[in-house]
Amino acid sequence: MLEGWFLWFILIWVVFLITMLSIGGFFMFRKFLKRLPKEDGKSELDWEEYYIQQTRHLWSEEQKALLEELVAPVPELFRDVARQKIAAKIGQLALEEKTPSITQDLVIRGYIIATPKRDHKFLIKRLKEKNIDYSKYEALF
């Protein structure tokens, strides 16, 4: 009955479906874990939204443009999530330091802290292009 190319087609299709469902489930589970409340009653996503709301008025157009430039290499599908995570970390730093506005220094430090190490190469490249001295951030890399 089932032989030859049709059997291989079914096998490949089954492997493809299982792979795609696993990848989708992984990302859904990660989002679910971020939404779970911690000891303080707020989730990671709640804190991110809080920091962004509290510091929204501190952002200048120049710093927003710098943030957009830094998240540009992130695939468009994930760019909003990356932007929110980085902006929240920048906001958290601004609130902790009680700064009157978001500065270039805060944007760079927040980006370094909020992103994985593999993204730091792009940041260094971008800072070199803009002739910004990044030696004071070496300890964060």
Side-chain angles (χ1 to χ4, degrees), residues 1-99 101-141:
M1 281 207 155
L2 297 177
E3 55 185 69
W5 67 271
F6 190 69
L7 186 61
W8 282 106
F9 174 75
I10 290 174
L11 181 66
I12 291 171
W13 186 246
V14 167
V15 169
F16 174 77
L17 282 177
I18 290 172
T19 303
M20 289 296 115
L21 287 172
S22 299
I23 291 170
F26 171 74
F27 285 109
M28 287 175 60
F29 187 68
R30 280 185 50 195
K31 186 77 167 186
F32 169 74
L33 288 178
K34 283 186 171 187
R35 194 42 90 180
L36 284 178
K38 305 294 183 217
E39 302 83 36
D40 59 4
K42 288 189 174 186
S43 69
E44 286 181 39
L45 295 177
D46 292 336
W47 279 112
E48 285 179 5
E49 291 169 8
Y50 170 78
Y51 289 128
I52 290 172
Q53 289 300 322
Q54 293 298 312
T55 58
R56 186 175 299 275
H57 65 284
L58 301 177
W59 286 84
S60 68
E61 289 303 317
E62 183 181 334
Q63 302 317 321
K64 286 180 187 178
L66 177 60
L67 179 61
E68 283 302 316
E69 195 173 322
L70 293 177
V71 297
V74 176
E76 195 168 339
L77 183 62
F78 306 109
R79 197 171 297 156
D80 290 337
V81 175
R83 185 184 305 113
Q84 178 175 336
K85 181 178 179 183
I86 295 167
K89 182 53 75 175
I90 294 167
Q92 180 182 3
L93 292 172
L95 288 177
E96 288 172 357
E97 297 173 10
K98 297 180 173 86
T99 60
S101 65
I102 302 293
T103 62
Q104 179 177 314
D105 177 62
L106 275 174
V107 172
I108 294 170
R109 283 191 296 136
Y111 182 90
I112 293 170
I113 294 169
T115 57
K117 288 208 178 285
R118 68 177 178 269
D119 294 346
H120 296 170
K121 287 182 264 179
F122 170 77
L123 175 65
I124 292 171
K125 177 183 167 193
R126 187 62 65 168
L127 293 176
K128 284 180 182 177
E129 288 174 4
K130 293 178 141 300
N131 295 322
I132 297 172
D133 180 29
Y134 61 91
S135 60
K136 63 183 176 182
Y137 307 108
E138 291 286 337
L140 296 173
F141 290 117

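Owing to the predicted nature of the structure, the values given are computational and were not obtained by experimental measurement. Positions are given from 1 along the sequence.
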**Q** Give, for atom NZ of Lys85 and atom OG1 of Thr115, the distance between the pair rounded to the nearest 0.5 Å.
**A** 8.0 Å

**Q** Provide the full list of salt bridge (Lys or Arg N to Asp or Glu O under 4.0 Å) pairs with a residue in residues 46-60, sequence neighbours left out, each pair given once.
**A** Arg35-Asp46, Arg35-Glu49

**Q** How would you list, by chain and number, every residue that makes a side chain to side chain contact (heavy atoms under 4.5 Å, CB included) with Lys136, sequence neighbours excluded?
**A** Asp105

**Q** To the nearest 0.5 Å, how far apart are CG in Leu70 and CD1 in Ile112?
**A** 9.5 Å

**Q** First locate atom NZ of Lys64, then atom CD of Glu68, and finally report the distance between them rounded to the nearest 0.5 Å.
**A** 10.0 Å

**Q** Supply the atom-to-atom distance Ile108 CD1 to Ile124 CD1, rounded to the nearest 0.5 angstrom.
**A** 11.0 Å

**Q** What's the separation between atom CG in Leu123 and atom CD in Glu69, rounded to the nearest 0.5 Å?
**A** 10.5 Å

**Q** So which pairs with a foot in residues 101-133 pass ring pair (Phe, Tyr, Trp, His ring centres under 6.0 Å), sequence neighbours left out?
**A** His120-Phe141

**Q** Enumerate the ring pair (Phe, Tyr, Trp, His ring centres under 6.0 Å) contacts for residues 41-63, please, sequence neighbours excluded, ordered by first and then second residue.
**A** Trp47-Tyr50, Trp47-Tyr51

**Q** Tell me whether the count of non-hydrogen atoms from other residues, nucleotides or ligands lying under 6.0 Å of CE in Met20 goes above 12.
**A** yes

**Q** If the condition is salt bridge (Lys or Arg N to Asp or Glu O under 4.0 Å), which residues does Glu39 pass it with, not counting sequence neighbours?
**A** none

**Q** Taking side chain to side chain donor-acceptor pair (under 3.5 Å) as the definition, give me every residue that meets it alongside Gln54, ordered by chain and number, with sequence neighbours left out.
**A** none

**Q** Step through the shown structure and confirm whether more than 12 heavy atoms of other residues, nucleotides or ligands are within 6.0 Å of NZ on Lys121.
**A** no

**Q** I'd like to check Gln63 versus Leu106 (side-chain heavy atoms, cut-off strictly below 4.5 Å). Are they in contact?
**A** no

**Q** List in chain and number order the residues that pass salt bridge (Lys or Arg N to Asp or Glu O under 4.0 Å) with Lys128, two or more places apart in sequence or in another chain; answer none if no residue qualifies.
**A** none

**Q** Only counting residues at least two apart or in another chain, list the ones meeting salt bridge (Lys or Arg N to Asp or Glu O under 4.0 Å) with Lys42.
**A** none

**Q** Identify, with sequence neighbours excluded, every residue that meets side chain to side chain donor-acceptor pair (under 3.5 Å) alongside Thr55.
**A** none

**Q** Would you say CD of Glu129 has more than 12 non-hydrogen atoms from neighbouring residues, nucleotides or ligands within 6.0 angstrom?
**A** yes

**Q** Show me the donor-acceptor pairs within less than 3.5 Å that the side chains of residues 7-15 make with the rest of the protein, sequence neighbours left out.
**A**
none

**Q** Could you give the distance from CD (Gln84) to CG (Leu45), rounded to the nearest 0.5 Å?
**A** 6.5 Å

**Q** Going by the rule side chain to side chain donor-acceptor pair (under 3.5 Å), which residues pair with Asn131 if we only count those two or more places apart in sequence or in a different chain?
**A** none

**Q** For residues 89-97, dump all side-chain donor-acceptor pairs below 3.5 Å to protein atoms at least two apart in sequence or in another chain.
**A**
residue : atom : partner : partner atom : Å
Lys89   : NZ   : Gln92   : OE1          : 3.0
Gln92   : NE2  : Glu96   : OE2          : 3.1
Glu97   : OE1  : Arg109  : NH2          : 3.0
Glu97   : OE2  : Arg109  : NH1          : 2.9
Glu97   : OE2  : Arg109  : NH2          : 2.9

